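Note that the structure is predicted; figures quoted are calculated from it, not measured. Residue numbers start from 1 in every chain, and the chains themselves are labelled A, B, ... in the order their sequence lines are given, proteins ahead of strands.
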Protein chains: 2
Amino acid sequence: MSTEDWDVYDRNCPTRRLLDRIGDRWTVLIVGTLDRGPLRFGEIARRIDGISQKMLTQTLRGLERDGLVIRTLYPQVPPRVEYELSPAGRTLQEPLRALEAWAESHMSDVLESRELYDRSASGACGPVRSRA
Amino acid sequence: MSTEDWDVYDRNCPTRRLLDRIGDRWTVLIVGTLDRGPLRFGEIARRIDGISQKMLTQTLRGLERDGLVIRTLYPQVPPRVEYELSPAGRTLQEPLRALEAWAESHMSDVLESRELYDRSASGACGPVRSRA
DNA sequence: CGGCATCCTCTTAGATACTG
DNA sequence: CAGTATCTAAGAGGATGCCG
């Protein structure tokens, strides 16, 4: 909570980049899976259908670097690595859940709107609005 | 609000793609600029530093197609085009603002965490945690 | 002014193979 | 198991030029 505040509408605003990270497709899903406690690498991979091992590693590293996820390595053979949300990471859950909830509840509207839009490639005259 | 609910953790879930769209870097900023009412194309472009005309057009088209933004063309010379949030688009503002607020308020923590992380490339023994 | 089309570049991410 | 490394394909996105 620094007194200095950034402007996301400025090109060089670091907050803009952070926004990119947390809005990232995989970040949203990963943080979502970790809401019930620590998970092993493989467990996360299995829960998020379609994520590649590379993207999972990469995204987890980024989250760890940002202090949002804590990585715990148990030096065994075979190795066991657990990931859990940090306190800061837990505060991120609420906004992300809200976003996810919005997407779910507006999915059908959006789908309908797309169909309408795609169907009418041609328009009329007068001030043309995209939606009546 | 259909009774059918999807699972974002499934690879083929359409909600997942919608989540991608609304989490998009430009979408967040564009929806943010439109919170005070309609804006012309050029006005939006001027407010969002660093956006190219191509990405602005493209993102606005997507939002229009999804029924989140309404495009109004006034057939004048030179043409005048205004964009405004639809009712559905306005409901998106709250979650996006929450996300933006989160990013702003946690920026300094994240920056600090990154520095710490980058500084210590080497680790110790025992169960190794990313953060004490 | 607001855009579309084209070109071209640079980043991403998926697949694959190998390692401690 | 949990990665790292490498290659390649696909797409994001910028620059430019033309048009209604």
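Here D:dC1 is the nucleotide among D:dG14, C:dC4, D:dC1 with the atom lying nearest to any side-chain atom of A:Arg40. Looking at the side chain of B:Met55, the nearest of the listed nucleotides D:dC7, C:dG3, D:dG14 is D:dG14. When the nucleotides D:dT4, C:dC1, D:dG14 are ranked by their closest atom to the side chain of A:Thr57, D:dT4 comes out on top.
Distance alone, capped at 3.5 Å, is enough to place a donor-acceptor pair between the B:Ser105 side chain and the B:Ala101 backbone.
Taking atom CG of A:Asp20 as the reference point, atom P of C:dT12 lies 10 Å away to the nearest angstrom. In this entry the distance linking CZ of A:Arg21 with P of C:dT12 reads 11 Å, nearest Å. Across the protein-nucleic acid pair, B:Leu56 atom CG and D:dA15 atom P stand 15 Å apart, rounded to whole Å. As a whole-Å value, the separation of A:Ile51 CD1 from C:dT12 P is 16 Å. The nearest whole Å value for the distance from the OH atom in B:Tyr74 to the P atom in C:dG3 is 13 Å. Summarising the geometry, the separation between CG on B:Leu73 and P on C:dG2 is reported as 10 Å, rounded to the nearest angstrom. Rounded to an integer number of Å, the gap from B:Lys54 NZ to C:dA5 P is 11 Å. Summarising the geometry, the separation between CD on A:Glu82 and P on D:dA2 is reported as 9 Å, rounded to the nearest angstrom.
Taking a 6.0 Å sphere around CZ of A:Arg21, one finds it holds more than 12 heavy atoms contributed by other residues, nucleotides or ligands.
Nearer to the 5' terminus of DNA chain C, by closest-nucleotide assignment, is the contact made by A:Trp26 (compared with the other of A:Trp26 and A:Pro79).
Checking the phosphate oxygens (OP1, OP2) of D:dG3, a side-chain nitrogen or oxygen of A:Tyr83 falls inside 4.0 Å. Note on A:Arg61: a side-chain N or O is less than 4.0 Å away from OP1 or OP2 of D:dG3. In terms of phosphate contacts, A:Arg71 brings a side-chain nitrogen or oxygen within less than 4.0 Å of OP1 or OP2 of D:dG3. Taking side-chain N and O atoms only, A:Arg80 has no distance below 4.0 Å to OP1 or OP2 of D:dA2. Side-chain N/O atoms of A:Arg25 include none lying less than 4.0 angstrom from OP1 or OP2 on C:dA13.
Remark: A:Arg119 engages A:Glu115 in a salt bridge, criterion side-chain N to carboxylate O under 4.0 Å.
Between the side chains of A:Arg71 and A:Tyr83, at least one donor N or O sits under 3.5 Å from an acceptor N or O.
Note: B:Leu39 CG to B:Arg47 CZ = 4.5 Å, rounded to the nearest 0.5 Å.
Within the nucleic acid shown, B:Gln53 comes within 4.0 Å of at least one base atom, counting heavy atoms only.
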